[in-house]
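Since the structure comes first, as structure tokens, the remarks are kept for the end.
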Amino acid sequence: MAETLPKGYEPQDVERRWRGHWEKSGTFTPSPDDPGEPYSIVIPPPNVTGALHIGHALNLTLIDVLCRHARQKGKNVLWIPGTDHAGISTQNVVERALAKEGKSRKDLGREAFVERVWQWRADYGHRILEQIAALGCSVDWSRLRFTLDDGLSAAVRKVFVQLYNEGLIYRGDYIINWCSRCHTALADDEVEHEEQPGRLWKVAYKLADGDGEIVIATTRPETIPGDTAVCVHPEDERYAGLVGRRVVVPVLGREIPVIADSYVDREFGTGALKVTPSHDHNDWLLGQRHGLEFLQVIDEDGRMKAESGPYAGLTKEEARAKIVADIAAAGLDRGEEPLAHAVGRCYRCHTVVEPHVSRQWFVATTKMAPAARAAVPELTRLFPETWLKTYYHWLDTIRDWCISRQIWWGHRIPAWTCERCGELIVAETAPGTCPRCGSTELVQDEDVLDTWFSSALWPFSTLGWPEMTPELKRWYPTSVLVTGFDILFFWVARMMMMGQHFLGEPPFRDIYLHALVRDAQGQKMSKSKGNGIDPLAMIEKYGCDALRFTLTAFAAMGRDIRLSEERIEGYRHFVNKLWNAARFVLMNLPESAPPPVDLSGPVSLHEAWILDRLEAVKLDMDQALEDYRFNDAAQCGYKFLWNEFCDWYLELSKPDMASEDPAVRARAQYVLWLTLREILLLLHPIMPFVTAEIWAALPVPAGAEPTDIALEPYPPARPGCVRPDEARAMEFVQGVIVAVRTIKAELGISPTRRVRLLLHPGDEAQARILEQNRVCIETLARLEELVIDAAMPAPKAAASAVAGGCQVIVPLAGAVDLADELARLDKELAKLEKDMVDVNRKLRNESFVSRAPAEVVARERERAEKITDARDKLAARRELFTEALAENGEAGTASAN
RNA sequence: GGGCAGUUAGCUCAGUUGGCAGAGCAUCGCCCUUACAAGGCGAGGGCCACAGGUUCAAAUCCUGUACUGCCCACCA
């Protein structure tokens, strides 16, 4: 007997062993010179501060499935792992740690602070990597990257300098989103807009030169000190006479002009608005258009500046309250109403952002977007396609990207200013002297780059760019990017732009956007809600393969995943099923692999059937993965293993194992061995550990060495095993067996009780098939006697059914309630009658017969015949059965044997 | 205000080109049949959100409606 497996599958131990093996053996470290079509994926780099959450688990599982599958298909597969320095997030984490020591980053100073962050990374940055490993990811650890590595930093500087020289990076004063907590500018899409209840105040602005007033509406009275105009619509008759005159800013007493601009919505509020160019995005545009004064009254900490006069020093919240009160006191209050409006918040810390005018660096993404747009879908395919419109829309309406951040952790902007002459120098390395005046007093820009700037280079910076490395030649562009749709703009679109600009072609052949993982109620999982499912805890509890299979099985394209622990628990049963099926097979195999048998020659019907199914499953799973239909691939494997291999084939193989004919035994062993072997290969990309463990226990041909399943090719097609006719014949036999089981179950006959069975085959061919599979039927239907003879009269007191035209007759004996069988027959007949009405309605419909494809009509005709045949046979049986009932009189039970 | 999804069994979801509505879990029977009780064998359960339209034929295609969710957006 072959090596046996322990009775229960113990994932923890198995996972630890295989992980260690794969890491040490270098199994997943390819060489650019290896043969095969190149296949590469870059990991969406998790934040170095991060802890693995379920979204990562989904992402990494899907990538790993693709990589392992590609390896099986003979491709030269590279999966690069790495982490992102995550500027603001990481700085926040370290600042919080500092705060516990009662220190701020300013206490340390820039250099010491950055040193402290590196230390933090050395201490904790590996956690996320270990967690990636725990998922069984087949990444190439030898090529691990970090966005602040020397090589990647060099790439960042080169890109910055080149874009600057090309005029695609520029510096300018703009209104940007300012987070007063993180103390930095934020890009437009780093601001989350959130509808919340607010108020709309109406305030009177008195005319400077006499009586009259304009009532404006505002949601932000604290910005009144920064007003430099009042604006109305040019065609608004209500205010026609006022444009060009001057009004007085309430409380402050300054005079400002009334201007007209068609931007104003006459329907909203009072149709008049106050303009604060330094503290509102729209007002900033108005200010530019109309040459207004820019007056900053709120500082970088969210406090009122000296320019706000009496409110100086207050927080903006305090200022709002005081200003509202002062306006009321001055008799300028013209009412207020509740108004829900969107307020922007920092996506990192959720502080309300303040529009703020300052000098920042920008990438002219408006110029780079068209190429990224045009590449899809011609050069890069997007899955699911439904994201196309969103992608296009974003690129079509894109604004330039603010890339400077006023923090310390990140890539420092490679720009220097000459203290003496003011010259701006942008260079990859620090310049020694000013090229204009020769001064050595050069000061580097204090700011660092947006984290997404280095992420945008990830697909080629990780491959060694700007050096033309063998890796870059071999694996760029990458095969597919797998990521969540939530970073389509942050990351994906920007990688497209950078990849095209610097490498001349987009960085991926395909982009697969997967769903978000939500909880069972459909809520986004988050720490604050406490509804998260911790993947590591799940791995601990149910095993990695169960988690991976669950995530794969639910990854239907374009749909969110509602995950709950019960799901994972459910799929653990599947892992266990595989384990036990393998145990059974191993118990029945010799020590060495069974010698090959010609499977295209004569085999028994159930063997032909399972081999035929196996061929179909190989094709289906392969195609599903090619199409990124992960759920279909998982489902397909699940059904084949459980519902076909275990439920039928293993049971059918049992009599073969007990056969006295050594040839039958040998062939059964070979088919068992081979089928299990290929099932393991098919499931391996989804469930690497349990399949590896079983594979290792599977006997190999005498003299051969056991292999590593991770290096085995995808099971090749075996054309001789495609036998649809025999597969159909087997399905007929299954139908007969199910009919007997159903009769037993519905008549309350114990499944273990052996009964006699009479079969009236529909024709000679059926009779032959049934005869050849006598043992199968006897075993699976649990019979004490089987008679296959259309001429053999059936006893009146018998339960009956029709399966594929064959009458299935179970003579009733003992304490069976005959009324049950009558009810059963009537139910069955009613169903057939209904089917017949349906099918006849179609066939009697002249236009159906004439217009539907001939093939569909023929199918319906065939169906009608089958239904009629079954109905007639059952009706005849019912006649006889009622006679039996009458003969039995009040007894109501059969005593036929 | 625009855009995109979703609505199918009690729950969570599949359903590729229109052609007999499926799975898992849950429920209800019967079984400890020597791989597995984390199991086996059966059963019940659906106006495919609503209203129109196209078609021989619609869960599927078109139009509209109603909810639900997400994304984008400068009504202060």
Side-chain angles (χ1 to χ4, degrees), chain A residues 5 7-9 189 193 200 216-220 223 231 263-276 280-286 339 341-342 355 384 386-387 389-390 393-394 397 485-486 488-489 516 518 520 522-524 553-554 556 558-564 566-567 569-588 623-624 627 629 631-632 635 638-639 643 646-647 650-651 654 738 741-746 748-753 779-780 782 835 838-839 842 845-853 855-857 859-860 863 867:
Chain A
L5 294 168
K7 189 155 162 91
Y9 175 58
D189 50 12
H193 293 273
L200 187 67
I216 59 89
T218 182
T219 54
R220 300 202 55 203
T223 63
C231 189
Y263 152 73
V264 177
D265 178 357
R266 278 169 283 183
E267 307 299 316
F268 188 86
T270 61
L273 58 89
K274 65 187 211 60
V275 185
T276 318
D280 183 278
H281 289 100
N282 305 311
D283 293 5
W284 189 81
L285 292 172
L286 281 175
L339 176 77
H341 68 294
T386 141
W387 285 101
K389 266 193 163 178
T390 311
H393 180 256
W394 188 76
T397 58
F485 62 78
D486 50 326
L488 177 62
F489 309 136
L516 238 52
R518 299 171 183 281
Q523 302 241 298
K524 207 167 171 172
F554 280 97
R559 267 185 94 128
D560 285 347
I561 297 174
R562 293 199 188 191
L563 192 68
S564 64
E566 291 77 55
R567 304 273 163 82
E569 195 183 349
Y571 281 113
R572 179 184 53 168
H573 299 342
F574 179 65
V575 178
N576 197 53
K577 189 75 180 175
L578 173 60
W579 183 258
N580 280 299
R583 286 184 63 223
F584 172 81
V585 173
L586 292 176
M587 282 173 187
N588 286 288
Q623 192 56 50
D627 297 344
R629 288 179 289 114
N631 57 326
D632 287 343
Q635 219 46 247
Y638 184 100
K639 281 188 170 162
N643 302 120
C646 290
D647 288 350
L650 286 190
E651 296 305 321
K654 286 176 183 174
V738 168
R741 286 171 173 172
T742 306
I743 286 171
K744 281 190 181 179
E746 296 201 337
I749 300 169
S750 164
T752 48
R753 164 119 169 262
T779 310
L780 269 67
R782 302 199 150 250
D835 286 353
D838 283 354
V839 73
K842 268 191 180 174
N845 182 341
E846 170 54 28
S847 40
F848 170 74
V849 177
S850 60
R851 305 179 80 151
E855 163 198 323
V856 173
V857 177
R859 203 159 53 223
E860 288 299 314
R863 196 181 143 221
I867 294 169

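All chains are named by letter (A, B, ...) in the order of the sequence lines, taking the proteins before the strands, and each is independently numbered beginning at 1.
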In whole angstrom, what separates [X]'s [atom1] from [N]'s [atom2]?
| X | N | atom1 | atom2 | result |
| --- | --- | --- | --- | --- |
| A:Arg266 | B:A76 | CZ | C1' | 16 Å |
| A:Phe554 | B:G24 | CZ | C1' | 7 Å |
| A:Lys744 | B:C41 | NZ | C1' | 10 Å |
| A:Arg753 | B:C32 | CZ | C1' | 20 Å |
| A:Phe485 | B:G69 | CZ | C1' | 10 Å |
| A:Tyr638 | B:C25 | OH | C1' | 9 Å |
| A:Leu488 | B:C72 | CG | P | 10 Å |
| A:Glu746 | B:C28 | CD | C1' | 13 Å |

Both distances under 3.5 Å, Watson-Crick or G-U wobble: report the partner of [N], or none.
| N | answer |
| --- | --- |
| B:C47 | none |
| B:C70 | B:G3 |
| B:A23 | B:U12 |
| B:U33 | none |
| B:A58 | none |
| B:G18 | none |

Categorize [X] for me: base, sugar-phosphate, or nothing, with a 4.0 angstrom heavy-atom threshold over every strand shown.
| X | answer |
| --- | --- |
| A:Arg220 | nothing |
| A:Asp283 | nothing |
| A:Leu650 | base |
| A:Tyr571 | nothing |

Of all the nucleotides listed ([options]), which has the minimum atom distance to the side chain of [X]?
| X | options | result |
| --- | --- | --- |
| A:His393 | B:A38, B:C72, B:G42 | B:C72 |
| A:Asp632 | B:A14, B:C41, B:A35 | B:A14 |
| A:Lys577 | B:C70, B:G40, B:G42 | B:G40 |
| A:Met587 | B:G40, B:A35, B:C75 | B:A35 |
| A:Asn282 | B:A38, B:C74, B:A35 | B:C74 |
| A:Thr386 | B:C4, B:G42, B:A35 | B:C4 |
| A:Ala581 | B:G19, B:A43, B:A35 | B:A35 |
| A:Asp265 | B:C70, B:A76, B:A35 | B:A76 |
| A:Val738 | B:A14, B:G42, B:A38 | B:G42 |
| A:Val264 | B:U33, B:A76, B:A35 | B:A76 |

For this session: Tell me which of A:Ala217 and A:Trp394 sits closer to the 5' end of RNA chain B, going by the nucleotide each one is nearest to.
Result: A:Trp394
Do [X] and [Y] have side-chain heavy atoms sitting under 4.5 Å apart?
| X | Y | result |
| --- | --- | --- |
| A:Leu586 | A:Leu5 | yes |
| A:Arg741 | A:Arg782 | no |
| A:Leu273 | A:Leu286 | yes |
| A:Leu516 | A:Phe485 | yes |

Report yes if a side-chain nitrogen or oxygen of [X] is closer than 4.0 Å to either non-bridging phosphate oxygen (OP1 or OP2) of [N]; otherwise report no.
| X | N | result |
| --- | --- | --- |
| A:Lys654 | B:A35 | yes |
| A:Arg863 | B:C20 | no |
| A:Arg583 | B:A35 | no |
| A:Lys7 | B:A35 | no |
| A:Lys389 | B:C4 | yes |

I'd like to know if the side chain of [X] reaches the main chain of [Y], judged simply by a donor and an acceptor atom lying under 3.5 Å from each other, with no hydrogens or angles considered.
| X | Y | result |
| --- | --- | --- |
| A:Lys577 | A:Cys646 | no |
| A:Lys744 | A:Ile749 | no |
| A:Asp280 | A:Asn282 | yes |
| A:Asn580 | A:Asn576 | yes |

Exercise. Any N or O donor-acceptor pair linking the side chain of A:Glu651 to the base of B:A35 at under 3.5 Å?
Worked result: yes
